2 protein chains.
Amino acid sequence: MTVSRVLREPDKVSAKAREKVRAAIDKLGYVPDPAASALATGRTNVIGFIVPSVTNNVFSDVLSGVYKAAEGTEWQIQLGNSRYSPLEEERLVRTFLSQRPAGLILSGIDQSSETLALLKRASCRMVQIMETGPDPLDMMVGFSHLDAARAATRHLIEAGYVRPGFLAARLDPRTQRRLEGFRDVTRRAGCLSDERIVTTPKPSSVTLGGLLMADLLARAPETDAVLCNNDDLALGALFECQRRGIDVPQAMGICGFNDLEMMAAANPSISSVRTFRQEMGKTAMDMLIAALRNPDNPVETVDLGYQVMARGSTARQA
Amino acid sequence: MTVSRVLREPDKVSAKAREKVRAAIDKLGYVPDPAASALATGRTNVIGFIVPSVTNNVFSDVLSGVYKAAEGTEWQIQLGNSRYSPLEEERLVRTFLSQRPAGLILSGIDQSSETLALLKRASCRMVQIMETGPDPLDMMVGFSHLDAARAATRHLIEAGYVRPGFLAARLDPRTQRRLEGFRDVTRRAGCLSDERIVTTPKPSSVTLGGLLMADLLARAPETDAVLCNNDDLALGALFECQRRGIDVPQAMGICGFNDLEMMAAANPSISSVRTFRQEMGKTAMDMLIAALRNPDNPVETVDLGYQVMARGSTARQA
DNA sequence: TTGACAAATGTTAGCGCTAACATATGTTGA
DNA sequence: TCAACATATGTTAGCGCTAACATTTGTCAA
């Protein structure tokens, strides 16, 4: 029992006993068994983190932020990959909950009603990340994809483009909200054309960006700018324009989304909407840890915002 | 006990009892407690996977392969991020081993001697991935980075380039072996120049590729080709050449490493050494599962090879 | 010095499961 | 029909830890 105290509440043990125990631990190479601890306490120090994709740069940045915040703490990350499938997400939530996690980090706010029911019955703390919205399950860290897409669209219009299009792959809920933002602003500006909205359910890639751009030009050759749902597509669109001898930014403006590192390095540099992915992961984990340490902590929703990065690919000369 | 059997060895229970138990499980919503099982059996169904980086595309592809192979099995992945630090890797191995994992997947073959000592004492099965080499701890899946770099260098020379350089960031052990391959082939061909080898310990990025290219051109303006240690650097190098008006592939050949999807989509398309990252993760996990199911399985070392993808960026016209 | 209380340490039982063994039930051939 | 065996089910104890309580030791004021 004193050993258990030395490891978990060293202040409650006298300095003498503490040192004796520590010396014995070192000598014997004792390592506590987390399974026994979990069984006795009914909880673990595992934080489950469910992402829809492990290859998408966006989530690897978020993951890196989560790991950063977890570093040096007693909490362990358990990563789950839902592959954009609500059913798989439900299965993962079930598995994770059976392990009595200390907390959960969930991507997005569009959990299925079954998943929501499971989560509401669960006793652990949780954070929804990637976007903000009404009715948080518990805590929330993200930004408004609708507003971000609106701001990017306004940027295109302000830069002098008058027939903007939209390219998107993988129509996940956040993509759909971005498209909504694009429609919203172009409609008000009187330059919305469904012909110039090209989407596909396929997973995003640079190659696909080129294909979508080609498709867009075939369907609506008058297009003079594209808002791409992510940076891979934007880069692919740029390459496609270059192959066709279309001048970027004069004949075609290109704006990405997320502002991956490569956007600034491209030639021309590509405008994009910067999102704070690593910060999102770090903030979520920090909030979760704070809530676990102090259950009275107020439940927060944090909006990390976004930033339109205007660069060469939309710098049209009048 | 019969319940436990129904869940783990259903064949040993009569069909009648089995159905009765299953009905009760459904009715009561019973979910087994993995911690109690771990305590009773002394093992878990967790497979630890330690990667040096979660943001590097290479490892997210491998991770995706590992998840693919784990899908639908009873095994859980526990991901650890060593951030290229041998000390952190040692700490992670310690933590993972304390959880009595069923297996471990380790990146690379350069574990510290302390880590190796821990691993040799451990009783679980393990796979080293990313490269092949002598003295495997147990199983191994990878390829020869030395040979791959040699082949890429030969490709540059055969394409007609005579003063090739080498760009590398983050000098991890695999990078160093690739550099070795480059030196080896250029030395034999009589075109090795240390002036044309530009490296930095900084983490790799597209921006850095541009900076390294600029550095190389300042130090060795005669350079007519670069082998880049990875595709980010290659893309950055291409952009830098375009900004300077250097013709790729006529005045400068560029070859990357890994063959990320974007390489084929670039303009010009960029030559690269294809590596089988997702297959590597999947194979490692498949081998581990097979070894866990059948401990008599022979211990294997699998070489997945590589493939030089010759594209526009090295298609010099005579 | 003593009682009253706080601080430190010790004792007990049980978390939920499963290995190992014990018992019950079924099945077969003579 | 019954032994002899196979198959199915049940019993027991213990995995290593910690919550809750019990006891001991230390500290302080009267």
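Naming convention: chains lettered A, B, ... in sequence-line order (proteins, then strands); numbering from 1 in each chain. Quantities reported herein were computed from a predicted structural model and do not represent experimental measurements.
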Checklist entry - Should A:Ser4 be listed as having a side-chain N or O under 4.0 Å from OP1 or OP2 of D:dC17? => result no
Checklist entry - Would you say a side-chain N or O of A:Thr2 is under 4.0 Å from OP1 or OP2 of C:dT9? => result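 Negative; the distance criterion is not met.
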Next on the checklist: Quick check on DNA chain D: between B:Arg100 and B:Lys16, whose nearest nucleotide comes earlier from the 5' end?
Outcome noted: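 The residue closer to the strand's 5' end, by nearest nucleotide, is B:Lys16.
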Checklist entry - 5'-most contact on DNA chain D: B:Ser14 or B:Leu39, nearest heavy atom basis? => result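 Going by which nucleotide is closer to the 5' end, it is B:Ser14.
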Measure from [atom1] on [X] to [atom2] on [N] and round the result to the nearest Å.
| X | N | atom1 | atom2 | value |
| --- | --- | --- | --- | --- |
| B:Tyr30 | C:dG16 | OH | P | 10 Å |
| B:Asp33 | C:dC15 | CG | P | 12 Å |
| A:Gln99 | C:dC15 | CD | P | 21 Å |
| A:Asn45 | D:dT18 | CG | C1' | 15 Å |

Item to check | Side chain proximity check, A:Pro173 to A:Met130, heavy atoms < 4.5 angstrom | outcome: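 A side-chain contact is absent here, since even the closest heavy-atom pair is not under 4.5 Å.
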Protein-nucleic acid N or O pairs under 3.5 Å, nucleotides 19-26 of chain C:
unit_1, atom_1, unit_2, atom_2, d
C:dA19, OP2, B:Arg8, NH1, 3.4
C:dA19, OP2, B:Arg8, NH2, 3.3

Checklist entry - What is the ring orientation for A:Tyr84 with A:Phe59, classed by angle as parallel under 30°, tilted 30 to 60°, or perpendicular over 60°? => result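 Judged by the thresholds at 30° and 60°, the geometry between A:Tyr84 and A:Phe59 is perpendicular.
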Please output the side-chain donor-acceptor pairs of residues 121-129 of chain B that fall under 3.5 Å, not counting sequence neighbours, one pair per line with the distance.
unit_1, atom_1, unit_2, atom_2, d
B:Arg125, NE, B:Asp138, OD2, 2.8
B:Arg125, NH2, B:Asp138, OD1, 3.2
B:Gln128, OE1, B:Leu137, N, 2.9
B:Gln128, NE2, B:Gln111, OE1, 3.2

Checklist entry - Looking across every strand, which nucleic acid part, if any, lies under 4.0 Å from B:Ala17 by heavy atom: base, sugar-phosphate, or nothing? => result sugar-phosphate
